[in-house]
Undergrad: 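First the structure, then my questions, so here it is.
Each ligand, and each atom within it, is numbered from 1 in the order the structure gives. Worth knowing before you read on, the calculation uses all heavy atoms, side chains too, and leaves out hydrogens, waters and symmetry mates.
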Amino acid sequence: MSQELKIGVVGLVMGKNHIDGYLKHPNAKMQAICDINPDSLQKIGDQYGIEARYTSCEEMFANEELDIVSIATPNRLHKDMTILALEKGIHVLCEKPIGMNSAEAIAMHRKAEETGKRLMINYSYRFLPQSVAIKQRIDDGLVGDIYSVSCRWLRDINGFSQFGDWFAKKSVSGGGALIDIGVHFLDKVLWLLDFPELDSVLASSHDHIAQKVAQERGVTYDVEDTVEAMVRFKNNTNFLFQVSWAANIAESNLIECRLLGTKEGILEQNINQGYTFKAKTFRETKGVSYILDINHVNPKICPSSMYYFVDSIVNDKPHMANSTEAITVMKLIEAIYESAKTGKQIFFDGSNS
Ligand SMILES: NC(=O)c1ccc[n+]([C@@H]2O[C@H](COP(=O)([O-])OP(=O)(O)OC[C@H]3O[C@@H](n4cnc5c(N)ncnc54)[C@H](O)[C@@H]3O)[C@@H](O)[C@H]2O)c1
C-alpha cells in the first residue's frame, strides 16, 4: 500500500491554499486544521470535510499523529510553532519569511537538524510555471552567464497588505514590503542564480505614502512601504530591485523581472496586474534577432510547493527551499534593512565602507 501522509495546517487564510496544494497529491491526507478563529475553523473544516479542528497548535500536535504540518500564521509565530512541531517529530512547511530575522531562522534550522525532520519554506514563486521554465533554460546553459538581474514589484497606493493590521507592525511582521513581498524576489533570484556568494548591498527604504495614509486612517504603521536595493555578488553579477506596497503608479500590481545573460535575455511579467505570468527570451544570432515566448508548461513539472514537499518525503529525495537557503535570504534582508538605515553599503565579509 502506498504511504499515506497525515497533514495538519495552522492558520487558515493562506493555509487554505496549502490545503488545496496538498490535496493534489494522492499520498496526502488532510487530517487536522488549527486556527484561533472559530469561524474559519468551521468554514474550512466543513468545506473540506476535516473533522479534527483545534484552536491551539499545541493541542493539535499532542492529539494528532501528523507527518507534516503547514505553518501559515503571522510571521512572529513561525519560529515557536515550527520548533514545537519539529520536537513532536513532524515535518514542517513554514510560510515565508522563515521568521522575523536570521537568529530565528538559524534556531529553526538547528532544530530541524537535531530532530532529523524536514523544514521547507513556502517560497511559492519558485513553483510558478514560468519560474520552472526559466530555471530549466538557465540550467540547460541556454541563457549563458547571467551578469545582471533587475526586478520590480510595485503596487499602487491601495496595495498595502492588510493596512493597519499585523503586516504593518514590525514587532509581528519583522518588516514591511521587503519582508512580505520582496522576499519572494530575493529567494527566486538567488535560486535562479544557484545562490552565488553575496558581496554587498546598498539600499534605501521609504514610508512617505504609508505614513500619510496611517495618519488619515488613525492607525499605527511602523514598517516601510518601499525599498530599492542593489545587491552585488562576488562573481560580479548585479541584482537591482524595487519593491513597494504603495506607489504612485497607474497599475494596481506591476511585477517584472529581467535577466541578462551572455547568450540570451529573459523578461518575465505578470498578466493583467495579477498573479499569473508570461515570459519571453531574446537572442541575436548572426545578425538576426529572435523572440521566443515561453508558452505551455506541463503542470507535472511545476506542482504546488505542497505537492513537491509531500513528493520529496514519499520518494525520500532532498527538497529545495530548505532552511539553509532561507537563512541566506534572511541575512540578505537584514543587510538591506541595515543599509537603508545607515545609508551605507553593507559588505557580507563585514568590511563595511
Ligand atoms: N507564499 C505566499 O505567496 C504568501 C501569501 C500570503 C501570505 N503568506 C504568508 O502566510 C502567513 C499568513 O499570512 P496571511 O495573509 O494568511 O495572514 P492572515 O492574518 O490573513 O491570516 C493568519 C491566520 O492565522 C490565524 N492565527 C493567528 N494566530 C494564530 C495562532 N496562535 N494559532 C492558530 N492560528 C492563528 C488567524 O486567525 C488567521 O486565520 C504569513 O507568514 C505570510 O507572510 C504567504
Side-chain angles (χ1 to χ4, degrees), residues 8-22 32-45 47 50 52-62 64 66 69-85 92-101 104-105 108 119-128 131 153 155 159-188 191 223 243 245 253 255 270 274-277 304-309 320-321 326 329-330 333:
V9 172
V10 189
L12 295 175
V13 180
M14 187 55 195
K16 182 182 178 302
N17 292 14
H18 285 234
I19 297 174
D20 289 331
Y22 284 122
I33 48 175
C34 170
D35 200 293
I36 48 170
N37 181 337
D39 294 339
S40 301
L41 267 182
Q42 184 173 354
K43 187 165 162 246
I44 302 287
Q47 182 179 345
I50 304 164
R53 304 171 189 182
Y54 296 87
T55 50
S56 138
C57 70
E58 287 87 344
E59 273 180 40
M60 183 170 89
F61 298 157
E64 304 291 332
L66 299 175
V69 68
S70 273
I71 305 296
T73 50
N75 304 348
R76 187 177 61 192
L77 302 173
H78 290 185
K79 174 181 76 72
D80 288 351
M81 287 180 167
T82 294
I83 287 179
L84 198 60
V92 177
L93 176 58
C94 179
E95 258 308 335
K96 62 76 199 167
I98 180 170
M100 302 278 282
N101 49 50
E104 290 199 356
M108 294 160 79
L119 172 55
M120 177 172 154
I121 310 308
N122 188 31
Y123 287 124
S124 45
Y125 282 68
R126 294 191 194 193
F127 293 87
L128 297 173
S131 307
W153 184 342
R155 291 182 183 160
F160 295 103
S161 285
Q162 300 178 17
F163 190 84
D165 200 349
W166 69 265
F167 282 95
K169 296 188 180 79
K170 193 164 184 214
S171 59
V172 191
S173 61
L178 175 65
I179 205 168
D180 181 33
I181 54 178
V183 66
H184 281 302
F185 268 166
L186 301 184
D187 171 71
K188 188 165 139 181
W191 168 66
V223 295
V243 62
W245 272 342
N253 184 41
I255 309 177
N270 63 332
Y275 292 96
T276 52
F277 291 80
S304 67
S305 36
M306 298 85 211
Y307 183 107
Y308 169 84
F309 194 44
M320 62 174 182
V329 174
M330 214 59 220
I333 287 176

Undergrad: Run the numbers for me: atoms of ligand 1, each under 4.0 Å from some heavy atom of Ser124, listed by number.
TA: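 This gives 1 (N), 2 (C), 3 (O) as the contact atoms.
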Undergrad: Which part of Glu95 is near ligand 1, with near meaning a heavy atom under 4.0 Å away: side chain, backbone, both or neither?
TA: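 Just the side chain.
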Undergrad: Would you find a donor on one side and an acceptor on the other, under 3.5 Å apart, between the side chain of Tyr123 and the backbone of Met320?
TA: no
Undergrad: Measuring from the heavy atoms of Pro74, does anything fall under 4.0 Å of ligand 1?
TA: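 The answer is yes, since Pro74 has a heavy atom less than 4.0 Å from ligand 1.
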Undergrad: Could you check Asn122, Asp180, Asn75 and say which one makes a side chain to side chain donor-acceptor pair (under 3.5 Å) with Lys96?
TA: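 Of the listed options, the one satisfying the test is Asp180.
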Undergrad: Under a 4.0 Å heavy-atom limit, does Leu77 contact ligand 1 with its side chain, its backbone, both, or neither?
TA: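 Near ligand 1, Leu77 shows its side chain, while the N, CA, C and O stay back.
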Undergrad: Partners of Ile44 by side chain to side chain contact (heavy atoms under 4.5 Å, CB included), sequence neighbours excluded?
TA: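 Expected list: Leu12, Lys16, Ile19, Ile33, Gln47, Tyr48.
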Undergrad: Kindly say whether Pro97 contributes a backbone atom to a donor-acceptor pair with the side chain of His78 at under 3.5 angstrom?
TA: yes
Undergrad: For ligand 1, is any non-hydrogen atom under 4.0 Å from Val10's backbone (N, CA, C, O), its side chain (CB onward), both, or neither?
TA: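 The part of Val10 near ligand 1 is the side chain, not the backbone.
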Undergrad: So which bit of Tyr123 gets within less than 4.0 Å of ligand 1, heavy atoms only: side chain, backbone, both or neither?
TA: neither
Undergrad: May I ask you to decide if the ring planes of Tyr125 and Tyr275 are parallel, tilted or perpendicular, using 30° and 60° as cut-offs?
TA: perpendicular
Undergrad: Under 4.0 Å from ligand 1, counting heavy atoms only, is it the side chain of Phe167, its backbone, both or neither?
TA: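 Only the side chain of Phe167 comes within reach of ligand 1.
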Undergrad: Return the set of residues passing side chain to side chain contact (heavy atoms under 4.5 Å, CB included) with Asn101 (not counting sequence neighbours), or none when no residue passes.
TA: Ala103, Glu104, Glu334
